[in-house]
Amino acid sequence: MDYEYVPATEELLKIIWEKNIKANSDDERWVKWREEAIANNLSGKSKTFLVLFYGEPVGEGTLIFTDDCSAINGRMALADGKKTANINALRIEKEHESRGHISKLVKLMEHYALECGYKKLTIGVEAKEARNLAIYLHWGYKEFVHAEIEDDSLVLYYAKNIQ
């Protein structure tokens, strides 16, 4: 099988983050985000899942469980460490887009969250990303949570009950 959808190991996390940093070399925040993402995965505050193509990570998504991760920054409506977790940082390399890989990855993440006892997942989308919003609504993320400005963009947050 060419593609696999798996929880990230520490080694694979380092590989995908080196790719992220290289792809965003003009933005120094990615180095800080790598350290935080790896530490959060190792401590259990988050869990990253990967799309592998012949064993090489080409896509990712992270479940954030607690509001003390900087991506959540105290917003317990998005992740409370008990019943609600957040799907964050869904990314895939351009040449692997539009083949359903992120949909399969999200299903794996939903299943994992449910097994961990979570009842609801949240997801954010920039308001200008109409295509992504339509996809998230199609996946069942239809309960509007709130909106806020992040990095000069309007971000809309939606939730889905997974129980």
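- Contact record, Pro57 with Glu93: O-OE2, 3.7 Å, taken as the closest heavy-atom pair.
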Given Ile123 and Tyr157, is the side-chain contact (heavy atoms from CB on, under 4.5 Å) satisfied, shown in steps? CA-CA 6 Å; Ile123 195 165; Tyr157 286 93; over 6 Å; no

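- Taken to the nearest 0.5 Å, the CG atom of Leu156 stands 6.5 Å off from the CG atom of Leu133.
- Cluster annotation: Ile149 and Phe144 are assigned to the same hydrophobic cluster (Ile/Leu/Val/Met/Phe/Trp/Tyr, side-chain heavy-atom contacts under 4.5 Å, transitive).
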Evaluate the criterion salt bridge (charged side-chain N to carboxylate O under 4.0 Å, His left out) for residue pair Lys14 and Glu10; output intermediate values, then yes/no. CA-CA 6 Å; Lys14 289 177 181 176; Glu10 185 176 357; 3.6 Å; yes

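- A donor-acceptor contact closer than 3.5 angstrom links the side chains of Thr122 and Asn86.
- How far OH of Tyr136 is from CZ of Arg131: 10.0 Å, rounded to the nearest 0.5 Å.
- Proximity of Tyr141 to Lys160: side-chain heavy atoms (C-beta onward) are separated by under 4.5 Å at one or more points.
- Side-chain atoms of Thr62 and Ser46 include no donor-acceptor pair closer than 3.5 Å.
- Salt bridge annotation for Glu56-Lys19: present, with a cationic side-chain nitrogen under 4.0 angstrom from a carboxylate oxygen.
- When every heavy atom of Gly44 is checked against every heavy atom of Phe65, the shortest pair comes out as O-CD1, 3.5 Å.
- Looking at heavy atoms from C-beta onward, Met109 lies out of side-chain contact with Lys47 at the 4.5 angstrom threshold.
- Here the shortest heavy-atom pairing between Gln163 and Leu114 reads CA-CD1, 3.8 Å.
- Salt-bridge check for Glu150 with Arg75: passed, with a basic side-chain N closer than 4.0 Å to an acidic carboxylate O.
- Looking at Ser70, its side chain never comes within 3.5 Å of a backbone N or O of Asn73 through a donor-acceptor pair.
- Under a cutoff of 6.0 Å and an axis angle of 45°, Arg91 and Trp33 do not form a cation-pi pair.
- A chain of hydrophobic side-chain contacts below 4.5 Å, direct or via other Ile, Leu, Val, Met, Phe, Trp or Tyr residues, connects Val106 to Val51.
- Residues meeting the side chain to side chain donor-acceptor pair (under 3.5 Å) test with Trp30, sequence neighbours left out: none.
- Atom CG of residue Leu90 and atom CD1 of residue Ile87 lie 6.5 Å apart, to the nearest 0.5 angstrom.
- We find the CD1-CD distance between Ile102 and Glu60 to be 8.5 Å, quoted to the nearest 0.5 Å.
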Can Leu105 and Ile92 be said to form a side-chain contact (heavy atoms from CB on, under 4.5 Å), step by step? CA-CA 11 Å; Leu105 195 64; Ile92 191 152; over 6 Å; no

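- Two different hydrophobic clusters hold Val145 and Leu154 under the rule that ILVMFWY side chains link at heavy-atom gaps under 4.5 Å.
- A continuous path of hydrophobic side-chain contacts links Ile162 to Leu137 [ILVMFWY only; heavy atoms under 4.5 Å].
- The local environment of CD in Glu28 is sparse, with at most 12 non-hydrogen atoms from other residues, nucleotides or ligands closer than 6.0 Å.
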Test side-chain contact (heavy atoms from CB on, under 4.5 Å) applied to Leu63 and Thr48, step by step: CA-CA 6 Å; Leu63 274 174; Thr48 298; over 6 Å; no

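- For the pair Ala113 and Leu121, the tightest heavy-atom approach, listed with the atom from each and the gap, is CB-CD2, 3.8 Å.
- Pairs passing the ring pair (Phe, Tyr, Trp, His ring centres under 6.0 Å) check and including a residue from residues 68-99, sequence neighbours excluded, read Tyr3-His96, Phe53-His96.
- The shortest distance between side-chain heavy atoms of Glu143 and Lys120 falls below 4.5 Å.
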The test is side-chain contact (heavy atoms from CB on, under 4.5 Å); show your working for Tyr5 and Leu50 and say whether it passes. CA-CA 6 Å; Tyr5 312 91; Leu50 301 172; over 6 Å; no

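- At a threshold of 4.5 Å between side-chain heavy atoms, the hydrophobic network of Ile, Leu, Val, Met, Phe, Trp and Tyr places Val58 and Leu13 in two separate groups.
- Using a 4.5 Å cut-off on side-chain heavy atoms (C-beta onward), Leu12 and Leu52 make contact.
- Residues Ala77 and Thr84 share a closest heavy-atom pair of O-CG2, 3.8 Å.
- No hydrogens or angles considered: a donor-acceptor pair under 3.5 Å links the side chains of Asp68 and Thr66.
- Taken to the nearest 0.5 Å, the CZ atom of Arg34 stands 3.5 Å off from the CD1 atom of Ile21.
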Under the criterion side-chain hydrogen bond (donor to acceptor under 3.5 Å, both in side chains), I'd like the reasoning laid out for Glu126 against Asn132: C-alpha separation, chi angles, the key distance, then a yes or no. CA-CA 8 Å; Glu126 289 187 25; Asn132 289 347; over 6 Å; no

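- Side-chain N or O atoms of Asp80 include none that pairs as donor or acceptor with a backbone N or O of Met76 at under 3.5 Å.
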What do the steps show when you test Tyr118 against Tyr112 for ring-ring contact (aromatic ring centres under 6.0 Å, His included), and what is the final call? CA-CA 9 Å; Tyr118 288 88; Tyr112 182 87; 8.9 Å; no

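- One finds the CD atom of Glu36 at 10.5 Å from the CG atom of Asn41 (value rounded to the nearest 0.5 Å).
- More than 12 heavy atoms of other residues, nucleotides or ligands shown are found within 6.0 angstrom of CD on Glu35.
- Between Asp27 and Arg29, at least one side-chain N (NZ, or NE/NH1/NH2) sits under 4.0 Å from a carboxylate O, which counts as a salt bridge.
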